[in-house]
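Since the structure comes first, as structure tokens, the remarks are kept for the end.
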Amino acid sequence: QQKVQQSPESLTVSEGAMASLNCTFSDRSSDNFRWYRQHSGKGLEVLVSIFSDGEKEEGSFTAHLNRASLHVFLHIREPQPSDSALYLCAVSNGANTGKLTFGHGTILRVHP
Amino acid sequence: GPKVLQIPSHQIIDMGQMVTLNCDPVSNHLYFYWYKQILGQQMEFLVNFYNGKVMEKSKLFKDQFSVERPDGSYFTLKIQPTALEDSAVYFCASSFDNYEQYFGPGTRLTVL
């Protein structure tokens, strides 16, 4: 059964400093990885999806997937206070299932 | 981006009663999902639904749960009868291709 873990549980950075979040997964056949963001009381906002090893950039968000080491990272370039939120990693095994397995999330706080 | 709506945002009911949670998915989407998040825990997959049928469900999707999308309107999750452990935030999601899922803001269900 797929296990997804995120670290750190919470992260505080200053405005403009790079923020890096980590996600590990257990099923090597996983081929579908997403980072979502959730502001308090709101729904999930998809930030970046990645399907193959390497990097994928969407605006200020870059996902880095290394399937061999079972890691997918999210780097946030020049974060702003409005980026303070819960960041969730979600993993699935492709279009046949659509079932996403989520981590517990990392709470990011960006100080002005 | 595409918006998924959920009605109501909060629902409080007595144990044993029936409850229906409503999801208004993105208009041209074909795949629909429910996830459950108990306070302080990670979001967990309940069920996905396509072409009028349940495609996959998890162990959390008890016999008391049912889903439907009558006449292409709301996608609903019905719980009958409810139990105390059903208290959680329920998130609906929809997708055009079973890859990119767009989430609603959630319905907070409290069972007393």
Side-chain angles (χ1 to χ4, degrees), chain A residues 1-10 21-27 30-52 56 58-59 61 63 65 72 85-107, chain B residues 1-10 21 23-26 29-51 53-61 67 75 88-108:
Chain A
Q1 186 179 342
Q2 176 82 266
K3 289 196 190 322
V4 177
Q5 295 186 306
Q6 291 185 240
S7 63
E9 283 186 17
S10 65
L21 285 60
N22 182 30
C23 175
T24 60
F25 54 97
S26 60
D27 185 352
S30 303
D31 61 1
N32 207 325
F33 307 87
R34 290 187 185 83
W35 283 97
Y36 289 92
R37 174 168 74 181
Q38 186 179 28
H39 285 104
S40 183
K42 306 284 185 190
L44 275 63
E45 173 192 359
V46 60
L47 300 175
V48 57
S49 303
I50 187 166
F51 308 112
S52 55
K56 182 159 178 211
E58 296 279 359
F61 302 102
L65 174 63
V72 55
L86 177 69
Y87 286 76
L88 293 167
C89 171
V91 180
S92 77
N93 287 26
N96 286 340
T97 167
K99 168 187 168 183
L100 293 174
T101 302
F102 284 85
H104 279 91
T106 292
I107 298 171
Chain B
K3 290 243 188 284
V4 175
L5 304 176
Q6 290 188 240
I7 302 155
S9 56
H10 292 87
L21 308 184
C23 173
D24 187 7
V26 178
H29 282 187
L30 304 173
Y31 297 83
F32 311 101
Y33 316 82
W34 284 102
Y35 291 82
K36 176 182 179 181
Q37 186 176 37
I38 294 174
L39 186 64
Q41 298 184 22
Q42 66 206 96
M43 191 172 310
E44 293 190 272
F45 170 82
L46 281 176
V47 65
N48 58 9
F49 188 84
Y50 169 74
N51 200 26
K53 296 180 202 148
V54 169
M55 289 170 49
E56 184 179 2
K57 57 186 179 181
S58 73
K59 288 183 223 175
L60 297 179
F61 194 80
V67 291
F75 175 52
V89 180
Y90 289 84
F91 289 93
C92 167
S94 71
S95 172
F96 178 74
D97 54 8
N98 209 21
Y99 265 106
E100 208 64 81
Q101 294 180 29
Y102 294 88
F103 283 79
T107 292
R108 181 176 298 279

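Numbered from 1 within each chain, the chains take letters A, B, ... in sequence-line order. Atoms considered below: every heavy atom in the structure, side chains included; atoms not considered: hydrogens, waters and symmetry mates.
For B/M43 against A/F102, the heavy-atom pair with the smallest separation is O-CB, 3.6 Å.
Rounding to the nearest 0.5 Å places CZ of B/F103 at 5.5 Å from CG of A/L100. Separation of atoms CG (B/N98) and NZ (A/K99) is listed at 13.0 Å; rounding is to 0.5 Å. Atom CZ of B/F45 sits about 13.5 Å away from atom CD of A/Q2, to the nearest 0.5 Å.
Scanning for salt bridge (Lys or Arg N to Asp or Glu O under 4.0 Å) contacts around B/E100 gives A/R34, with sequence neighbours left out. Partners of A/E45 according to the side-chain hydrogen bond (donor to acceptor under 3.5 Å, both in side chains) rule, which considers only residues two or more places apart in sequence or in another chain, are A/R37.
When the candidates B/Q101, B/Q6, B/R108 are compared by the number of heavy-atom contacts under 4.5 Å with chain A, B/Q101 comes out ahead.
With a 6.0 Å radius and a threshold of 12 heavy atoms from other residues, nucleotides or ligands, B/F96 has its CZ atom at or below the threshold. Remark: B/K57 NZ is loosely packed, at most 12 non-hydrogen atoms of other residues, nucleotides or ligands lying under 6.0 Å away. Counting non-hydrogen atoms of other residues, nucleotides and ligands closer than 6.0 Å to CD of A/E58 gives a total above 12.
With contacts defined as side-chain heavy-atom distances shorter than 4.5 Å, the pair A/L44/B/Y35 does not qualify.
For chain B, no part of A/Q6 is nearby; none of its heavy atoms comes within less than 4.5 Å.
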